[in-house]
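What follows is a short report on a single structure.
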Amino acid sequence: MATPNGVPPTSESNRIQIIDENKTFTHDLNGAIKEWGLLDSGFNYDLVAIFGSQSTGKSTLLNRLFGTTFDVMNETERRQTTKGIWMCGAKNMPLMVMDVEGTDGRERGEDQDFERKSALFSLASTEVLLVNMWEHQVGLYHGANMALLKTVFEVNLQLFGKRDATSPRTLLLFVIRDHVGATPLSNLRATLIADLSKIWDSIAKPEGLDHAKLDDYFDMSFVALAHKILRPDQFEEDVLKLRERFFDRSREDYVFKPVYHKRIPADGVAHYMEGIWEQVQSNKDLDLPTQQELLAQFRCDEIAAGALEEFNIQARSFRKPVEGGRIVEELGRTMSTWKQSALTRFDTAASRYHKGVYTRKRADLLAQLNTTLSPLFLGQLKNLHRSALTTFKKDLVDGVRTGGDYDFGTIVQDAGKKAEEFFESGAREAAGLAPLGIKEEEGEEKQPIDAEWSYTDEFEQLKHEMQLVADQCRKDETKKMVNSIEKTFIRQIAEPVEVALSKAKSDMWDTVLKAFRENLEQCEATYLSKAKSFNCNDEENGVSLYIIKKRAWVALRKRIDELTADPVILTKLRDYFEERFRYDEKGVPRVWKPEDDMDGSFQRARDKTLELVHLYAKIAPKDSSLEFSLPPPPTSLPEDDTEYDVAGSMVVLSETKQMDVNARFRRDADAYYLEAKRSIVSSVSQVPGWAWGLMLILGWNEIMTLIFNPLYAVALCFACGVAYTVIQLGLAGPIMQVSKTVAGEVQRQATAKLREQFAEPVPAPPVARQNSTASVYSSEPGLTRRSTTATVNGYSDADEMEMKPW
């Protein structure tokens, strides 16, 4: 079936909606251009669009002119046919045709945003723009779309106004429909040119284009078409004549002149047009509100201001407590009530106005309410965070202070769970969510007060800080545990070491190291048993065990040093020497006689005693498996725990110390030897016989007195018994030595007392004679205070009393 103009229609699949009614640009334009056979045509193509009021026959005119397949209006129903912008390839010519949605349609009402943007897009992207209008619309402002063209011209000049001599122009071809001939075309032409010039002069021009003219950008052409219904034959004839202007390149009035071509290759048209549409979409100068929208904006702003003022007064009362660090009870419910009250007040008064403005202003009000409430919400979270962390610390400290055996991991877990539940419960309440463990009933609000409000970050920060506190507490408790284990080890090792060192034997160090190892293993087992509840990792256990081993060895060495100090070691050597020199094998004290081998006994006892110095000098067990050594220090060893030289600590007495101890012991041994020698000399001394006879003659009377006096007799017998005992025990020498020492000390004390008594007295300071008691004080600090009393008759009695220093 042929169209009225004789051109067979193209397939319906040839047309494509490049911009839909929702202002979305298609991504399939290149495919359509390829289907039309124009993708590889380079610059050998043309682009035309039609613009005009709705239901003025635009699609019908395009179909008749170019053989396109655009939908046309059903004349029995006056309704919108073209929605958005459609494009179709022309029949038998390299031409792309755009059918633009009509203006002033009842479907969009006062919303002229798409009309302005589609008109600007058509004007900027095509070579020829057909402006379709009725004859009776000429001379009208809105009817002829002059208001729309004014906005389009102004924005087009701002976006695409910069040009040079080679910049393409655009042909505005005005098609005046239903021309009956009463008004000549020339008059209609003059009217339209005058209106367009007036519009151009009134638009705001950008800087640098103040003197730009309409003719600099656009060429205008005018054509009239007869009435399609009243004069159908003339209408078809006029259409065919107009068609020739698009097809016949030899005509003087040929439409597609090179000056109008945009110089965009056909394969780049899709990208070029998409870029223009993005520029048009992003231009805010096209978003002009209607009167209804202006009224709605004014009233919605006024209503929102009133609701916001009342809301701010309510919120201000809670700001100070939250900023002061308090946790406000039921803050979330209170904020939700305030918010709902403000929104209800706004909805009641503003919902009657323009729906789009109302929706937009409600969203703005909601954002302002949330902005006001956000500091309260965040402050409540901070206060909950601080309180939860404080509670966690307190529970943790209380748990570890209970003493005895406790599970540190359980304490941390219980304290952490309590703190997290406290924080999350308060945070959910502040965000307007249901409490923990309670499912929200169907129909209730399941979103927080604001979707952007979340306590997740604060909650994770709280968990992180609690972990840091727990780790620090664990480290502190681990240190305490190590210190406690060290004290226990010192207490347990003290007695075995003292007992072993007091009995100098060849296996003395084996006994010491065996006791050391047993106690160390017990300490390590105690640590590992307790460390399980502390959740210590292998690295931390390695560090603690290293510290325990090192401190245990240091404690052992300290105890050994105490038991091998100079006075102690000399005492041990003297005791050992006395045990072998002054006592026999049965442990009975020896009474040396001239025939005894004192020199040999002395030398043997001394040599055996000196061997002990070498035994005590170095920790050298016979069993090499008992030797102690520290493992390599861990890399994470604390700075205060430095490395320890175990090999060097095996030496107890250095060579110098051994020589000193040997010398001192030899002096003590020599003293014992001389004392024993003197006891032998004293015991073998003989009294001459004549001396005994002389003493008997001279003391006969005294002897008789002692014999016949019971008291003297008893005293004499007691004295004889004591003398016999002293002689038999060889104590005569020591007693004489003590007597001489006591006599010398008595003599020294008596001499000192006599010298003090006969020393020249220190003269007293002069004292003024007064009728009353006077006190004289030293003028220098630190000296004693002296008090002098003077009497009336001139005689003075001075008493010196030592007082406390000033």
Side-chain angles (χ1 to χ4, degrees), residues 388-420 461-497 513 515-562 628-646 648-649:
L389 189 60
T390 302
T391 302
F392 175 76
K393 291 180 181 178
K394 182 178 181 300
D395 293 343
L396 200 59
V397 172
D398 292 344
V400 299
R401 282 181 177 176
T402 54
D405 294 333
Y406 59 85
D407 192 328
F408 184 80
T410 302
I411 293 175
V412 173
Q413 183 178 1
D414 294 344
K417 183 178 180 181
K418 177 181 176 182
E420 289 177 7
Q461 181 67 22
L462 173 63
K463 290 181 180 179
H464 177 68
E465 292 184 9
M466 288 195 300
Q467 185 62 43
L468 293 179
V469 172
D471 290 343
Q472 185 60 45
C473 184
R474 179 167 54 83
K475 291 179 181 178
D476 295 340
E477 290 302 309
T478 303
K479 289 182 180 179
K480 291 181 182 178
M481 181 174 64
V482 171
N483 294 336
S484 176
I485 292 174
E486 180 185 2
K487 292 178 181 178
T488 302
F489 175 83
I490 294 173
R491 184 173 61 254
Q492 292 176 347
I493 201 67
E495 185 176 353
V497 172
L513 293 180
F516 170 79
R517 173 172 291 184
E518 292 175 354
N519 283 276
L520 179 59
E521 291 176 353
Q522 183 178 356
C523 291
E524 290 177 347
T526 302
Y527 169 80
L528 292 175
S529 176
K530 292 184 178 181
K532 292 180 180 178
S533 68
F534 283 69
N535 297 328
C536 297
N537 54 37
D538 294 339
E539 182 180 1
E540 292 173 337
N541 287 336
V543 172
S544 298
L545 290 176
Y546 177 85
I547 293 175
I548 289 176
K549 290 180 179 180
K550 190 190 76 171
R551 292 186 181 180
W553 182 256
V554 172
L556 175 65
R557 282 293 288 112
K558 183 178 180 181
R559 184 59 180 164
I560 292 174
D561 289 340
E562 292 175 354
F628 175 79
S629 62
L630 278 175
T635 56
S636 57
L637 188 67
E639 295 181 358
D640 54 346
D641 283 298
T642 57
E643 296 186 22
Y644 187 79
D645 183 12
V646 178
S649 66

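The model shown is predicted, which means the values in this text are computed figures rather than measured ones. Every heavy atom of this structure was used, including side-chain atoms; hydrogens, water molecules and symmetry mates were not.
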Heavy-atom side-chain proximity of [X] to [Y] below 4.5 angstrom:
X    : Y    : answer
L513 : R517 : no
F628 : L556 : no
E486 : I548 : no
L462 : M466 : yes
R551 : N483 : yes
R559 : I490 : no
F516 : V497 : no
D414 : D395 : no

Quick one: closest heavy-atom pair of [X] and [Y], and the distance?
X    : Y    : value
S544 : V482 : CB-CG2, 4.4 Å
L396 : C473 : CD2-CB, 3.6 Å
F392 : V412 : CE1-O, 3.9 Å
A515 : P496 : CB-CB, 3.9 Å

Query raised in the report: In terms of heavy-atom contacts, does NZ of K463 have more than 12 from other residues, nucleotides or ligands at under 6.0 Å?
Result: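 More than 12 heavy atoms, drawn from other residues, nucleotides or ligands, come within 6.0 Å of this atom.
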**Report entry** CD/E562: more than 12 non-hydrogen atoms of other groups inside 6.0 Å
**Finding:**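 Atom CD in E562 is crowded, with more than 12 foreign heavy atoms closer than 6.0 Å.
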[X] side, atom [atom1]; [Y] side, atom [atom2] - distance, nearest 0.5 Å:
X    : Y    : atom1 : atom2 : result
M481 : C523 : CE    : SG    : 11.5 Å
Q492 : E518 : CD    : CD    : 11.0 Å
N519 : I493 : CG    : CD1   : 4.5 Å
W553 : S649 : CH2   : OG    : 5.0 Å
K480 : T478 : NZ    : OG1   : 11.0 Å

Considering only NZ, NE, NH1 and NH2 on the basic side and carboxylate oxygens on the acidic side, decide whether [X] and [Y] come within less than 4.0 Å.
X    : Y    : result
K417 : E420 : no
D398 : K394 : yes
D561 : R557 : yes

Report task. Return yes if a side-chain donor-acceptor contact under 3.5 Å exists between Q461 and E465, otherwise no. Result ->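 There is such a pair (donor and acceptor under 3.5 Å, judged by atom type) between the side chains of Q461 and E465.
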Query raised in the report: For the side chain of T488 and the backbone of S484, is there at least one donor-acceptor N/O pair under 3.5 Å apart?
Result: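 Checked: pair present.
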